[in-house]
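Atoms within each ligand, like the ligands themselves, are counted from 1 in listed order. As a basis for the values below, the full set of heavy atoms in this structure was taken, side chains included, without hydrogen atoms, waters or symmetry mates.
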Amino acid sequence: MADRMDSTAITAGGAVFGKLKALGVDYVFANSGTDFPPIIEGLIEATQNGLDLPVPITVPHEHVAVGMAHGFYQISGRIQSVMLHTNVGLSNGITGAINAWCDQIPVLMMSGRTPVMEAGRFGARTVPIGWGQEMFDQTALIREVTKWDYELRFPEQIADLFDRGWAIANSTPKGPVYLSLPREVLCEQTPPDGLDTPSKQAPVIAAPDPSSLKRAADLLAQAKSPLIISQRGAGSEEAFAALGRFLTDWALPLSHYWANQLSVPLSHPMQVGASPEALLAEADVVLVMNSLAPWWPDKVALRDDVTVIQLGPDPLFTRTPIRNFQADVTLAGETAQTLLALIAEMQSRPRDEAVLNARRHRIAELSSANRAEVVARAKRGNAGPMSKDWVSLCLGRAIKGRKATIFHELGCPLEPLDLEQPNSYFQEPHSGGLGWGLAAALGAQLADRDRLVFATIGDGSYMFANPTACHMVAEAHELPVITLVLNNEEWGAVRHSVVGTYKDGLASKANDVPLTSLRPSPDFTRTAEASRAYTETVTEGDALPAALERAIKVATEEKRQVLLNIAIARA
Ligand SMILES: Cc1ncc(C[n+]2csc(CCOP(=O)(O)OP(=O)(O)O)c2C)c(N)n1
Ligand SMILES: [Mg+2]
């Protein structure tokens, strides 16, 4: 090594940044600590040396940092990085990693490792936390929700390890990877070889087996009562458009059951809403598109002769210990490419136009009846306090024709929103690690500053988001996210879960259900105003449309963050 240590050698802590940029990473969402001296010193050195670097963003809570990387990826499709402080920062970020893992979002996660050496080496332990933060296996904290992990042992490994982590994170199925970074190693000098070049390993993009594709196409083409259930979108703009045409062409109904992304426009005549139970019970062929839990096993009985096709990056969800949904045909691959391949395969299949026309007509009627019911129900919630459905209906109307994205975490339900565009809607991952919504909205806004971005979240979810940290980041980086706090002064979902489990039980009759109240409700407008947000409190349903217009005007014209504290009736 020694002969390679010429004057071009740089501090390993800074070298990490150069490598990240070469991998196409734009941002490092960071929460620093005493493991960071070589990172911060190295960053200044790298900047002064004129290296091309990602933008470091100070994020004062780790959960927010990971959520921002998550939301950034959802809008841009580009992996970002998170750099945290030893075991304690890492543990604060792990709920975010659980969410990214569940949602198949690639993230380059890093945290420092407390110095190995107690003395006698540059970077060795100084203050007591050097001992207090050491663990036998720090990585064990996060290993279950990462695809790959490693510890940087030598500074000259930086290029290789980051190339490998990046390629694995971006391989099908995508997900977070983790590197721990010991302080002494980061303090060393390293030659710049390989730091400014893209990854020398390419991600593995899986595509489905041709015979399975043929079988799936045969089944769908011959189905009498087909049904598609899709939870995580179509995978790309192209696939979104193609899926819409495909549904009409083959008269295939699609349900957004517990969907956290949109697969076709909500107004699509083959889009049958979020409750597929009736169609499921009569279905002879079900196509499950990247859905972790496509139905409620205790609630629906499928036909004995049903055939189920599961399509997606990991159709069996192999890292979920128990998941026994039927999967007669599995099509493994990136959702968009696999779907496009299936659509292409169907082109050669024989069709009975009379049968397809009749089915198309029947589903379109179902779809419009469902939409009419959804809108009517939402309108009935126009009181003070109002329903969540009413907020959704008003928000859908307010953003009509605009480039907008709604993040929903116990906020605006999908159905009453009249959304048309891919990427217009993201709900919290099925891991449900609350506090994701506002952070993801900030990340999305950073990825696309021209987009109107809404975080629509329950009052509980807002508090889980570390709101002071979120509003600070929003102000610091001029991110005009509009936060709608749907405030029912409780953890309604927890109360509903008790009442749903114990039907007619004690909780269903109690005026006060223990461990669910969030009273007295804080004045959330003041939390946001502390970071100079524009805020309003909205208590009457009919006042909401104008309040949303004002919010949109402030966000678009003043580029200032907004928070509306909206009074929601307890359902
Ligand atoms: C990190 C985390 N802690 C706790 C929970 C359990 N939990 C699920 S829903 C919920 C309540 C959400 O309350 P809020 O955001 O106000 O929405 P509401 O149900 O009242 O509409 C809680 C506490 C969780 N999902 N994640
Ligand atoms: Mg609530």
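- Taking every heavy atom of Gly432 and a limit of under 4.0 angstrom, the matching atoms of ligand 1 come to 24 (C), 25 (N), 26 (N).
- When only non-hydrogen protein atoms are considered, atom 18 (P) of ligand 1 lies nearest to Gly492 N, 3.4 Å.
- Distances below 4.0 Å separate heavy atoms of Ser461 from the following atoms of ligand 1: 14 (P), 15 (O).
- Every atom of ligand 1 with a heavy atom of Glu490 under 4.0 Å away is listed here by number and element: 16 (O), 20 (O).
- Residue-ligand proximity, Leu434 to ligand 1, at heavy-atom distances under 4.0 Å covers atoms 1 (C), 2 (C), 7 (N), 8 (C), 9 (S), 10 (C), 12 (C), 22 (C), 24 (C), 25 (N), 26 (N).
- Taking the side-chain contact (heavy atoms from CB on, under 4.5 Å) definition, one finds that Arg402 meets it with Leu452, Glu549, Ile552, sequence neighbours left out.
- Counting only distance, with no hydrogens or angles, the side chain of Ser531 and the backbone of Glu529 share no donor-acceptor pair below 3.5 Å.
- Residue Lys388 has at least one heavy-atom neighbour below 4.0 Å for each of these atoms of ligand 1: 18 (P), 21 (O).
- Against a heavy-atom cut-off of under 4.0 Å, Gly460 is close to the following atoms of ligand 1: 13 (O), 14 (P), 15 (O), 16 (O).
- Of the protein's non-hydrogen atoms, Ala493 N, 2.6 Å is the one closest to atom 19 (O) of ligand 1.
- Counting heavy atoms from C-beta on, the side chains of Gln326 and Val286 never come closer than 4.5 Å.
- Under the side chain to side chain contact (heavy atoms under 4.5 Å, CB included) test applied with Phe29, the options Glu62, Met83, Gln80 reduce to a single match, Gln80.
- Distances shorter than 2.8 Å separate the Mg ion (ligand 2) from the protein N/O/S atoms Asp459 OD1, Asn488 OD1, Glu490 O.
- Remark: ligand 1 atoms within the under-4.0 Å shell around heavy atoms of Gly458 are 14 (P), 15 (O), 16 (O), 17 (O).
- Looking only at atom types and distance, the side chain of Asn487 has a donor-acceptor partner in the side chain of Ser521 under 3.5 Å away.
- Counting only heavy atoms from C-beta outward, the side chains of Ile568 and Pro385 never approach each other to under 4.5 Å.
- The main-chain N or O of Thr405 is never found under 3.5 Å from a side-chain atom of Gln421 such that the two would form a donor-acceptor pair.
- No hydrogens or angles considered: a donor-acceptor pair under 3.5 Å links the side chains of Thr86 and Gln133.
- Applying the salt bridge (charged side-chain N to carboxylate O under 4.0 Å, His left out) test to Arg451 and every residue at least two apart in sequence or in another chain returns Asp448.
- Panel note: side chain Ser255, backbone Gly273; a donor-acceptor pair is recorded below 3.5 Å.
- The distance from ligand 1 to the heavy atoms of Asn488 drops below 4.0 Å at these ligand atoms: 18 (P), 20 (O), 21 (O).
- For Asp314, the side-chain hydrogen bond (donor to acceptor under 3.5 Å, both in side chains) partners are Thr318, not counting sequence neighbours.
- Looking only at protein heavy atoms, the nearest one to atom 4 (C) of ligand 1 is Phe464 CZ, 3.6 Å.
- Between Glu420 and Ser267 there is a side-chain heavy-atom pair separated by less than 4.5 Å.
- Ranking protein heavy atoms by distance to atom 13 (O) of ligand 1, first place goes to Trp491 CD1, 3.3 Å.
- Residue Val494 touches ligand 1 through its side chain alone, judged by heavy-atom distances below 4.0 Å.
- Residues Trp295 and Val288 form a side-chain contact, since some pair of their non-hydrogen atoms from C-beta on lies under 4.5 Å apart.
- The nearest protein heavy atom to atom 6 (C) of ligand 1 is not closer than 4.0 Å.
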